[in-house]
Undergrad: 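Just dropping this structure here.
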Amino acid sequence: MSFPAVADQMALIGRGVEKIVPEEELAAKLEQSRKTNSPLRVKYGIDPTGIDVHLGHTVPLRKMRQFQELGHQAVIIIGNYTALVGDPSGRDETRARLTQEQVEANAKDYLEQVGKVVDLSRAEVVRNGDWFAEMSFSDVLDLCGKVTVAQLLTRDDFSKRYKSEQPIFLHECLYPVMQAWDSVKIRADVELGGTEQLYSFMLARDLQKDVNLPPQVSVMSPILVGTDGTRRMGKSLGNYIGISEPPYEMMKKFMQLPDDCMQMYYDLLTEIPLDEISALLAGHPKTAKLTLGKTVIGQYHGAQAAEESAARWEREISQGELNADIPVAKIAAADLQDGKLPAARLMVCAGLCNSTSDARRAINQGGAYIGEDKQRLDDPNALIEVTSGMLLRVGKKRICRVQIDG
RNA sequence: GGGGGAAUUCCCGAGCGGUCAAAGGGGCCAGACUGUAAAUCUGGUGGCUCAGCCUUCGCAGGUUCGAAUCCUGCUUCCCCCA
């Protein structure tokens, strides 16, 4: 196997990367790998704490894929032990701890999703429980003896918490140490992750040097912002686009992105050459956004599905045509009085509103419509003649067709 | 072991005996505007048989004509000193 020229590799690796530290060392490692014809070992660790892999996760994963394409060895670490601690990164509070069983179930699910980005057939997958489970308490003490508290406290999340008098638990302090130790165990040359991982990545270098291993290089991706355009994409913030979501759902979320985010999304989530991206962004923002959505959705669902989701979005949202499959709401004939129902009640029975109060509000604010021609309702108490096939709407998103039951 | 503080509606957070369904912000919902958005503006955001009524302020009691506000006990959490 032969590796591409170092400069070419560096160019590819450098795209959409916030920082490579130390950059010269990466070049040197690539040089060395070419000379000895041996691949670099590229580490990426994930804690199986949740289930939905979203686009934010794919940023380093895609980077890993690129390394694979260049001929390097991907090493994925399933943090089944670190997951028991919970990553304190960017959190101002302690994470809920997971049980062993939850972690196992999540791990399996995770790999399935990760496989959509990384070529698992060519990757090494290891669990850090393999080595942590076997450590004795004295081994742990040895490991702890390599890191000082002052060092730990330089870590941003810890010092923030410390200053604001939030609790920091002892086991949380071990998290970065464990993560760093993983690098030693798998002899990582390169570690991938977000910029918030800098601390652990640097700690890994220290530990590697301590056992006479060449220290790893950190390749850190910027943090992808979520659909709100400001905060990092994350499950708990509800601003994520999951890679397992149906194409149309993904498309709707893409189109809701603030325009400013497009550059970042293009850089980090697509292979499109930079000059083409500039051209797209210079054009109509709507087209640019549709193209972005199609490109990314295509990576997970195929080009055709992506194309269809875009067409559907144009039809339904942009031109306001009716959804092809409007959900049917059954209403029991017994609930009707003379085939009629007060407007507010009707919306609740159809499941479009949570409570009559909710429905009244919607109607009073002019957000409730009825019929094919979108007639606006204005009186919550008005008696509506209910017929099967009748179209009901609340706002832009809630819609259903009535079916009288019984 | 000792001392101090806190628990409020989806979240943060004001309220400290009546004028409290409870300020303000965030989020969310609806309307206007638009290229979908974002931004902006407007309104809304416990429930109901809705100009009225009912249930909410950690839990359980108590004081009072009247309590989110005072007292007692409990639970949970935080901080500080040892």
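This one's a predicted model, so the numbers in the text were calculated from it and none came from an experiment. Letters A, B, ... are given to chains in the order of the sequence lines, protein chains preceding strands, and every chain is numbered from 1.
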Undergrad: For B:C50, take OP1 and OP2 only and decide whether either is under 4.0 Å from a side-chain N or O of A:Arg360.
TA: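 Yes.
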Undergrad: Could you work out the separation of B:A39 and B:C29 based on their P atoms and round it to a whole Å?
TA: 12 Å
Undergrad: Any salt bridge linking A:Arg34 with A:Glu31? Criterion: basic side-chain nitrogen under 4.0 Å from a carboxylate oxygen.
TA: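 Looking at A:Arg34 and A:Glu31, the cut-off is not met.
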Undergrad: Applying a 3.5 Å limit to both distances, which nucleotide forms a Watson-Crick or G-U wobble pair with B:U19?
TA: none
Undergrad: Rounding to the closest angstrom, what is the interatomic distance between B:C70 and B:A21 at atom C1'?
TA: 22 Å
Undergrad: What does B:C74 pair with, Watson-Crick or G-U, if both distances are under 3.5 Å?
TA: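 Matched B:C74 with B:G58 under the 3.5 Å cut-off.
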Undergrad: Less than 3.5 Å between a donor and an acceptor, one on the side chain of A:Asp358 and one on the base of B:G47, is that the case here?
TA: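 Between B:G47 and A:Asp358, which were checked side chain against base, a qualifying N/O pair under 3.5 Å is absent.
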Undergrad: Using atom C1' in both nucleotides, what's the gap between B:C74 and B:G27 to the nearest angstrom?
TA: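 Straight-line distance between the two C1' atoms is 34 Å.
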Undergrad: Among B:C50, B:G35, B:C29, which nucleotide has an atom closest to any side-chain atom of A:Lys397?
TA: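 Looking only at heavy atoms from C-beta outward on A:Lys397, the closest nucleotide is B:C29.
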Undergrad: Has A:Gln403 got more than 12 heavy atoms of other residues, nucleotides or ligands less than 6.0 Å from its CD?
TA: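 Counting other residues, nucleotides and ligands, CD of A:Gln403 exceeds 12 neighbours.
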Undergrad: Suppose we define a pair by two distances each less than 3.5 Å, Watson-Crick or G-U wobble; what does B:C48 pair with here?
TA: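 Matched B:C48 with B:G52 under the 3.5 Å cut-off.
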Undergrad: Classify the side-chain pair A:Lys253/A:Gln256 by whether it contains a donor and acceptor separated by less than 3.5 Å.
TA: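 Distance-only check fails for A:Lys253 and A:Gln256.
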Undergrad: Looking only at atom C1', what distance separates B:G2 and B:G17, rounded to whole Å?
TA: 34 Å
Undergrad: Determine the interatomic distance between C1' on B:G62 and the same-named atom on B:U76; round to the nearest Å.
TA: 22 Å
Undergrad: Determine the interatomic distance between P on B:C71 and the same-named atom on B:G5; round to the nearest Å.
TA: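 Approximately 12 Å lies between the P atom of B:C71 and that of B:G5.
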Undergrad: For B:G4 versus B:A82, give the span between their C1' atoms, rounded off to a whole number of Å.
TA: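 The answer is 15 Å between these two C1' atoms.
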Undergrad: Does A:Gln365 get its side chain close enough to the base of B:G31, under 3.5 Å, for a donor-acceptor pair?
TA: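 Result: no qualifying N/O pair found.
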Undergrad: Which base, if any, makes a Watson-Crick or G-U wobble pair with B:U69, both distances under 3.5 Å?
TA: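 None - no nucleotide pairs with B:U69, as no candidate has both distances under 3.5 Å.
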Undergrad: Specify the residue among A:Ser355 and A:Trp313 whose closest nucleotide of RNA chain B lies further upstream toward the 5′ end.
TA: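 That would be A:Trp313.
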Undergrad: Once you round it to whole Å, what is the distance between C1' of B:A30 and CD1 of A:Ile399?
TA: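 These atoms are roughly 16 Å apart.
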Undergrad: So, for A:Glu124 and A:Gln73, which heavy atoms are closest and what is the spacing to 0.1 Å?
TA: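 Looking at all heavy atoms of both residues, the closest pair is N-NE2, 3.4 Å.
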Undergrad: Return the value, rounded to whole Å, for the distance between atom CD of A:Gln256 and atom P of B:A37.
TA: 7 Å
Undergrad: Can you classify the ring geometry of A:His54 versus A:Tyr240 as parallel (below 30°), tilted (30 to 60°) or perpendicular (above 60°)?
TA: tilted
Undergrad: Are any side-chain N or O atoms of A:Gln208 and backbone N or O atoms of A:Ala188, one a donor and one an acceptor, separated by less than 3.5 Å?
TA: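 Side chain of A:Gln208 to backbone of A:Ala188, a donor-acceptor pair under 3.5 Å: yes, one is there.
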Undergrad: Between A:Asn381 (CG) and B:C48 (P), how many Å, whole number?
TA: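 In whole Å, B:C48 P and A:Asn381 CG are 13 Å from each other.
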Undergrad: Who is the Watson-Crick or G-U wobble partner of B:G43, with both distances under 3.5 Å?
TA: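 Because both required distances fall under 3.5 Å, B:G43 counts as paired with B:C29.
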Undergrad: Round to a whole Å and report the spacing from CE of A:Met264 to C1' of B:A38.
TA: 17 Å
Undergrad: Tell me whether A:Arg62 at atom CZ has more than 12 heavy atoms from other residues, nucleotides or ligands lying less than 6.0 Å away.
TA: yes
Undergrad: Does A:Tyr265 make a side-chain N or O approach to OP1 or OP2 of B:A37 shorter than 4.0 Å?
TA: no
Undergrad: Report which part of the nucleic acid A:Gly229 touches: base, sugar-phosphate, or nothing (heavy-atom distance under 4.0 Å, all strands).
TA: nothing
Undergrad: Give a yes or no on whether a salt bridge exists between A:Arg315 and A:Glu308, defined as a side-chain N under 4.0 angstrom from a carboxylate O.
TA: no
Undergrad: Once you round it to whole Å, what is the distance between P of B:U36 and CE of A:Met262?
TA: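 Going from A:Met262 (CE) to B:U36 (P), I get 14 Å.
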Undergrad: Heavy atoms only, 4.0 Å cut-off, all strands: where does A:Arg398 land among base, sugar-phosphate and nothing?
TA: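 Counting heavy atoms under 4.0 Å across all strands, the contact made by A:Arg398 is with sugar-phosphate only.
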Undergrad: Ignoring the backbone of A:Arg345, work out which of B:U49, B:G44, B:G31 is nearest its side chain.
TA: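 Looking only at side-chain atoms, A:Arg345 lies closest to B:U49.
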Undergrad: Is it the case that atom CG in A:Asp338 sees more than 12 heavy atoms from other parts of the structure closer than 6.0 Å?
TA: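 At most 12 heavy atoms, drawn from other residues, nucleotides or ligands, come within 6.0 Å of this atom.
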Undergrad: In whole angstroms, how far is the C1' atom of B:A30 from the NZ atom of A:Lys396?
TA: 9 Å
Undergrad: What nucleic acid atoms does A:Ser357 come within less than 4.0 Å of, heavy atoms only: base, sugar-phosphate, or nothing?
TA: base
Undergrad: With C1' as the reference atom in both, quote the distance from B:U40 to B:G46 in angstrom, rounded to an integer.
TA: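 So the two C1' atoms sit 30 Å from each other.
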Undergrad: Does a nitrogen or oxygen in the side chain of A:Arg361 sit under 4.0 Å from OP1 or OP2 of B:G47?
TA: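 Answer yes for this pair, as a side-chain N or O of A:Arg361 is under 4.0 Å from OP1 or OP2.
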Undergrad: What integer distance in Å separates A:Lys252:NZ from B:G35:P?
TA: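 So the NZ-P distance, A:Lys252 to B:G35, works out to 21 Å.
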Undergrad: Tell me whether A:Lys116 forms a cation-pi arrangement with A:Tyr300, defined as NZ or CZ under 6.0 Å from the six-membered ring centre and within 45 degrees of its axis.
TA: no
Undergrad: With the threshold set at under 4.0 Å for non-hydrogen atoms, list the residues of residues 274-291 of chain A touching RNA chain B in residue-number order.
TA: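 A:His284, A:Pro285, A:Lys286, A:Lys289 - these, ordered by number, are the residues of the stretch whose heavy atoms sit under 4.0 Å from the strand.
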Undergrad: Report the nucleotide, chosen from B:G47, B:C48, B:U36, that has the shortest atom-to-atom distance to any side-chain atom of A:Thr356.
TA: B:C48
Undergrad: Provide, to the nearest angstrom, the distance between the CG atom belonging to A:Asp378 and the P atom belonging to B:G43.
TA: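 Rounded to the whole Å, the gap is 20 Å.
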Undergrad: For A:Met255 and A:Arg376, find the nucleotide of RNA chain B closest to each by heavy atoms; which residue's nucleotide sits nearer the 5' end?
TA: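 Per heavy-atom nearest nucleotide, the more 5' residue is A:Arg376.
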